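Written out below as C-alpha cells is the structure these notes cover.
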Protein chains: 2
Amino acid sequence: MSKVLSEDNNDPELSARDKIVERRKAILAAIHEAAIEEFATRGVEGTSTQSIARRAGLTKPQLHYYIASKEDLYEDILVQILEEWRELFIDATTGEGPGEIIRAYIRKKLEFSRSKPKASRVFTNEIARGAPVLGKHWAPHVDATRSGVALIQSWVDEGKIRPIDPLLFHMHMWAVTQHYADFDAQVRRMMGIEEGQEIDFDRVEKEVTSLFLRSCGLE
Amino acid sequence: MSKVLSEDNNDPELSARDKIVERRKAILAAIHEAAIEEFATRGVEGTSTQSIARRAGLTKPQLHYYIASKEDLYEDILVQILEEWRELFIDATTGEGPGEIIRAYIRKKLEFSRSKPKASRVFTNEIARGAPVLGKHWAPHVDATRSGVALIQSWVDEGKIRPIDPLLFHMHMWAVTQHYADFDAQVRRMMGIEEGQEIDFDRVEKEVTSLFLRSCGLE
DNA sequence: AATTAGTTTGACCAATTGATCAGATCGTTT
DNA sequence: AAACGATCTGATCAATTGGTCAAACTAATT
C-alpha cells in the first residue's frame with residue numbers, strides 16, 4: 001500500500017504499474033470467461049483446471065499463479081453472477097405502475113438469458129446441487145427478491161392487480177425467463193432453429209409478458 | 001435362447017433361473033438409482049464410478065460386471081427418463097376439453113417434479129450440456145410434444161381458447177413445472193421451508209394451473 | 001550494470017480416474 | 001462329486017486429477 005503511494009507520483013499517461021494491473025485484470029477476465037464456459041457445460045467437479053487453462057490460453061501452473069484453487073475460482077464466479085443480477089430486481093423506485101415494472105423485469109431477465117446463457121447455467125447448476133457454495137452469499141439476493149414479492153403483494157392489497165400468490169408469481173417469472181438460458185438446446189430443437197441462427201427473443205418477450213400480465217388481470 | 005427354452009420346462013413356483021434374473025434386475029435398479037442421485041448433483045463427468053458403486057453397495061469391479069461403462073449407464077438412464085415421460089404428453093384421446101387437458105398435464109408434470117426431482121435434474125443437466133447423448137433418442141419425445149402443440153393450435157383455430165403462441169405456451173408450462181424439480185433448493189429458500197419439511201404442492205398446482213388457464217382465457 | 005518485482009516454465013507430486021483381468025467363490029445342475 | 005455358469009475379488013493398468021516448486025525469464029527501476 002505504502003509502496004504504491006510513494007512510487008506512483010510521476011504519471012506519464014499510463015504508468016508501468018497501471019499496465020501490470022490492467023494486464024492482470026485482462027488475464028483474470030479471460031480465466032473467468034473460460035471457467036464459466038467449462039463450468040456451465042461440465043459442472044464444477046467435471047471441469048479440470050487443465051481445460052480452464054487451455055481455454056484461457058494459459059498453462060496449468062500459470063493458471064494457479066492467478067487463482068488459488070478451482071473451488072475458489074468457482075466461488076468468485078458465483079458471486080460475480082449474483083453481482084450482475086443486482087439490477088434485476090423488482091422495485092418501485094421508478095414510480096411506475098405494476099404493468100410497466102413487470103414488463104421491465106421480464107425484459108431484463110430475458111436479456112440476461114440471451115446475452116449470458118452460460119453464466120445463467122452455472123447458477124442453475126449450483127442450485128441443483130443444493131447451493132452448497134452459494135449458501136453464504138445469496139442472502140442479499142433472497143432479501144431483494146422478498147422485497148419484490150412484498151411489492152407485488154401490495155399491488156394485490158391495493159386492488160391494482162388480481163389476487164395472485166405473489167411469491168409463486170415472482171418465481172414463475174424467474175422460471176420461465178431462466179428457461180431460455182438453461183434449455184437453449186431444447187428451445188432451439190422445438191423451434192426448429194438451425195445451428196448458428198438466433199432465437200426470436202422479441203416473440204418470446206411478447207408472449208412471456210402477455211402470459212404474466214393476463215394472469216394478474218393487466219392485459 | 002435355446003438353452004433357456006429347453007431347461008425351463010419344470011416350474012416349481014420360481015425357478016433358479018428366474019431368481020438369478022430377478023436378482024440381476026434388482027442390482028441394476030439399485031445401480032440406476034445410485035447413478036441418478038450422483039449424476040443429478042455432480043453431473044456425468046463429475047461423477048466417479050467409485051461413488052456410484054459405493055452408493056449402490058457394490059465394489060467398483062462388481063459395478064463393471066453389470067454395466068459396460070459410465071457413459072453407457074448414463075445413456076441408459078437418460079433413455080429410461082424419457083420412457084417415464086411417455087405418459088406426460090398432451091393428447092386429445094381422452095375426449096376432454098382444453099381446460100381439463102391443461103389441468104391434467106400440469107398435475108402430472110408437477111407430480112413428476114415432486115416424486116422424482118433427481119431424474120428431472122439429470123435431464124436438465126443433459127440439455128444444458130447441449131444434449132450430446134440425448135440427441136439420438138429424443139426424436140419421439142420431440143414429435144409427441146409437437147403434436148401437443150398442434151392440438152393447442154387447433155383449440156386456437158376453433159376459438160376454444162384465446163389466440164396464444166401454442167409452442168411457447170407449451171414450453172412455458174414445461175418450464176414452470178420443471179422449475180420445481182431443478183430449483184428445489186431455491187424454492188425452499190424462498191418459501192422459508194425448513195430442512196425435511198415438504199413443499200406445499202397443492203398450493204403450487206393451484207397457482208400454476210391458474211396462471212396458464214387465465215392466460216388463454218379459460219378462467 | 002545491478003537489482004527488483006512480476007511472471008512463466010518444466011518437472012514433479014500423491015491421489016484418483018475409468019476400466020481390466022485372472023483367479024477365487026458361489027449355488028445349481030448333472 | 002464333478003462340472004457348470006454366474007458372480008465376486010484383489011491386484012493392477014495407464015491416464016488424469018488438483019496443485020506445488022525451484023529455477024528461469026522478463027521488463028522496468030535504481
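Naming: A, B, ... by sequence-line order, numbering from 1 per chain. Hydrogens, waters and symmetry mates play no part in the numbers below; they use all other heavy atoms, side chains included. On a predicted model such as this, the values are computed, not experimentally measured, just so you know.
Atoms OH (A/Tyr66) and C1' (D/dG18) sit 19 Å apart, rounded to a whole Å. Separating the CZ atom of B/Arg24 from the P atom of D/dA6 is a distance of 9 Å, rounded to the nearest angstrom. If you measure from atom CG of B/Leu63 to atom P of D/dT7, you get 14 Å, rounded to the nearest angstrom. Whole-Å rounding puts the B/Ile27 CD1 to D/dT7 C1' distance at 9 Å. Atoms CG (A/Leu28) and P (C/dG6) sit 15 Å apart, rounded to a whole Å. One atom, CD of A/Glu45, and another, P of C/dG18, lie 12 Å apart when rounded to the nearest Å. Counting to the nearest Å, the P atom of D/dA15 and the CD atom of B/Gln50 are 21 Å from each other. Between the CD1 atom of A/Ile31 and the C1' atom of C/dT7 there is a distance of 13 Å, rounded to whole Å.
Closest contact between the side chain of A/Lys70 and the listed nucleotides C/dT9, D/dT9, D/dG19 involves D/dG19. Considering only side-chain atoms of A/Ile20, the nucleotide from D/dG18, D/dC8, C/dG6 that sits closest is C/dG6.
No side-chain donor-acceptor contact under 3.5 Å links A/Ser69 and A/Glu71. Side-chain contact of A/Glu75 with A/His137: a donor-acceptor pair under 3.5 Å is present, judged by distance alone. Side-chain polar atoms of B/Ser113 and B/Gln178 form no donor-acceptor pair below 3.5 angstrom.
Here the side chains of A/Leu167 and B/Arg203 are in contact, with some heavy-atom distance below 4.5 Å.
For B/Thr49, a side-chain nitrogen or oxygen approaches OP1 or OP2 of C/dG18 to under 4.0 Å. Within the structure, every side-chain polar atom (N or O) of A/Ser69 is placed at least 4.0 Å from both OP1 and OP2 of D/dG18.
Note: A/His170 and A/Tyr105 have tilted aromatic rings, judged against thresholds of 30 and 60 degrees for the angle between ring planes.
Nucleic acid contact class of A/Ser51 (heavy atoms, under 4.0 Å, all strands): none.
Comparing A/Arg23 and B/Ser48 by the nucleotide of DNA chain C that holds the closest heavy atom to each, the one mapping nearer the 5' end is A/Arg23. Nucleotides of DNA chain D nearest to B/Tyr65 and A/Val44 differ in position, and the one nearer the 5' end is that of B/Tyr65.
On a pure distance criterion of 3.5 Å, a polar donor-acceptor pair joins the side chain of B/Lys60 and the base of C/dG18.
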